[in-house]
Amino acid sequence: MSKFWKPGTERPRSSLIDDEEGGVLFVSASASSSGFGYSTLERQRQRLPVFKYRTAILYLVENHATTIIVGETGSGKTTQIPQFLKEAGWAEGGRNIACTQPRRLAVQSVSARVAEEMGVKLGEEVGYTIRFEDVTNSGVTMIKFLTDGVLLREMMDDPLLTKYSVIMVDEAHERSISTDILLGLLKKIQRRRPELRLIISSATIEARSMSNFFHDRKRNQGDAANDSAPSTVPAILSVEEPVGDILVFLTGQDDIDAAVQLINENALDHRSHSSGLLVLPLYSGLSRSDQDLIFAPTPKGKRKVVISTNIAETSLTLDGVVYVVDSGFSKQRFYNPITDIENLVVAPISKASARQRAGRAGRVRPGKCFRLYTEEYFMKEMSAEAIPEMQRSNLVGSVIQLKSLGIDNILGFDWPASPPPESMVRALEVLYSLGVLDEDAKLTSPTGFQVAEIPLDPMISKMILSANTYECTEEIITIAAVLSMQSIWVSARGVQKEFDEAKLRFAAAEGDHVTYLNVYKGFIQSGKSSQWCYKNYINYHAMKKVVDIREQLSKLLKRFGMSLKSCERDTQKLRKAIVAGFFANSCHLEAYSQNGMYKTIRHSQEVFIHPSSVLFRVNPKWVIYHSLVSTDKHYMRNVMAIDPDWLTEAAPHFYQRKRPNLSAPF
DNA sequence: GAGCACTGC
């Protein structure tokens, strides 16, 4: 354990200050690979705390900070930082900590746990805001969970908020939505209290300082190539230094598999030193056991080469990496509010990303980064930061988040990066049609408040609440849990036939949602067996998480006064509940369509059933989908067949207005 | 006939 300054003793000096710009002081802190916040993956795999946040906080202690505002999500920081501050001797003198937690559900559960961990009794509970008032006997006079407008205003006027305040923002995910929300809130404070000096710490800044190390090193020359896999291979093979693993950043599964193959072929053809390479792919679609290969120690005389997506940029840390090869590209999501479609495209990364990637090298010894683009491109053309997520996402979730923070004037909110007004309007439209917002754009009661409290996509939340009416909550919370996963299937390239056959054992004529119910039933009947999952090409870890999320949802429903009911075999009930949430995502098969083309009802967009769906090639006339993914085509993922009458039944306000002849035969 | 990554405990 490090030594920390106690008030009244001589203060240690810190060398943490990286940069000073315009009165904003940056303190280095990283949550993703170190510090208190582990990423989920990291946390599962290695339980080794590194104390980046501790050092940052040491700096604050040193500078007589009086207030710390900790952003932005995650329970790690909000629970452990207050605890840590106590340890650090920061407790004396009536200082103030506020932890922001945009999601109310999290706030409540976290708060209860904090109370337990700190051995204190809960203070008064106002809504879902919990306040401790000098209950710790440790001198930390207040810990506020800054979750709604009332507390935000209190915070602004708090006399304890003097001179320094420290905002720790986890920017590992460059300009994420929650970061933007937090910064927007902070701007409000700053305007009200201009004398305050705000200190922002961020992981991106850490990347910047690390990249200084590489700054004057020679970079590989070469154009930014579209086809990154082939051009990457020579770079990997040209790494001549004898020791140290290599981490390569490419864009996606296809590129990665191609590169792995090319390197292995090269090894066979030329008996070059590449035969000493142990080449491993890494992307989230891989099974856990395949992913874990990258953590296995490199065999003697071999050099590990991990070819990865962005997953290794922030969420996974490989200790032995000494060389990084950066293609300069990643897959990024862009949302078009006019068409309401999210596109997944290969795009150039930002400088901040490039630095973060470079920073993955040399964690254990000095390293090198090979960038597959020119220094001139880096200096002159590469954008400093990625386009904020706020500006390229569907905002339905964020709008409801703000509403639940007590911020009613969404359009007037002071975003650091204002999203396109069209996105706002779309989001408000959807929330209104779901019955979450009323005509004055206020949360409805109880639906709006309940939806805001469920930490899932509002459409899923609405589906869950509707299941109460249709008496099928047992089934719906299972479906909701599965839908909030990436996928419950394992990636099965090469064993496609076996995989398809396995899937057929669960396939339901109604579509993917009911199929998931069958999988869940099978999993439970097997006694939650990992063997059973392996045999059926199902991701065991995903299923365990489904069970976990399902459990949380069931607790939540109980709090709403709803009991779990099963519709047994009556799938029509649960399909109607699903439609009650997803009516806006309806499509019909184009008459005479030969290739399975659908059109969305809302925008007449051409869409197709994703090949991973059990309804692929089945093509029912009317379907609703959970999400669209757009690569070369617009694909619907998680598709269910419906009766079009259910649409008008679930959302007469939505469909009568737009399409009076909805039920017309096709 | 196809799947960048993250967050909620």
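Every chain is numbered from 1 and lettered A, B, ... according to where its sequence line falls, protein lines coming before strand lines.
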inquiry  = Suppose we call a contact any N or O donor and acceptor under 3.5 Å apart; does that hold for the side chain of D500(A) and the base of dG1(B)?
reply    = yes

So [X], base contact, sugar-phosphate only, or nothing? Heavy-atom distance under 4.0 Å.
X       : result
Q496(A) : base
T309(A) : sugar-phosphate
R637(A) : nothing

Whole-Å gap separating [atom2] ([N]) and [atom1] ([X]):
X       : N      : atom1 : atom2 : answer
N310(A) : dA5(B) : CG    : P     : 8 Å
F334(A) : dC4(B) : CZ    : C1'   : 11 Å
F249(A) : dA5(B) : CZ    : C1'   : 12 Å
Y335(A) : dC4(B) : OH    : C1'   : 19 Å
Q552(A) : dC9(B) : CD    : C1'   : 5 Å
L286(A) : dG3(B) : CG    : C1'   : 11 Å
F616(A) : dG1(B) : CZ    : P     : 5 Å
L456(A) : dC9(B) : CG    : C1'   : 12 Å

Phosphate oxygens OP1/OP2 of [N]: is one of them under 4.0 Å from a side-chain N or O of [X]?
X       : N      : value
S284(A) : dA5(B) : yes
S612(A) : dG3(B) : no
Y635(A) : dA2(B) : yes
T631(A) : dG3(B) : yes

Close side-chain approach of R371(A) to V324(A), heavy-atom, < 4.5 Å = no

request  = Could you tell me whether the side chain of Y373(A) reaches within less than 4.5 Å of the side chain of D326(A), counting heavy atoms only?
outcome  = yes

task = Check the pair N343(A), Y335(A) against side-chain hydrogen bond (donor to acceptor under 3.5 Å, both in side chains), reporting the backbone distance first and the verdict last.
result = CA-CA 6 Å; N343(A) 279 289; Y335(A) 171 68; over 6 Å; no

task = In sequence, state the C-alpha distance, the side-chain angles, and the governing distance for E313(A) and S353(A), and then conclude on side-chain hydrogen bond (donor to acceptor under 3.5 Å, both in side chains).
result = CA-CA 8 Å; E313(A) 188 175 304; S353(A) 255; 2.9 Å; yes

Which nucleotide in [options] has an atom nearest any side-chain atom of [X]:
X       : options                : answer
R617(A) : dC6(B), dC4(B), dG1(B) : dG1(B)
D254(A) : dC9(B), dC4(B), dG3(B) : dG3(B)
H610(A) : dC9(B), dA2(B), dC4(B) : dA2(B)

ask   = When you match D457(A) and S630(A) each to their closest nucleotide on DNA chain B, which lands nearer the 5' end?
value = S630(A)

Upstream residue (5' side of DNA chain B) when F499(A) and D548(A) are each assigned their closest nucleotide = F499(A)

task = Might you point out which heavy atoms bring L431(A) and V399(A) nearest each other, and give the distance in Å?
result = CD1-CG1, 3.6 Å

ask   = What distance do K351(A) atom NZ and M382(A) atom CE have between them, rounded to the nearest 0.5 Å?
value = 8.5 Å

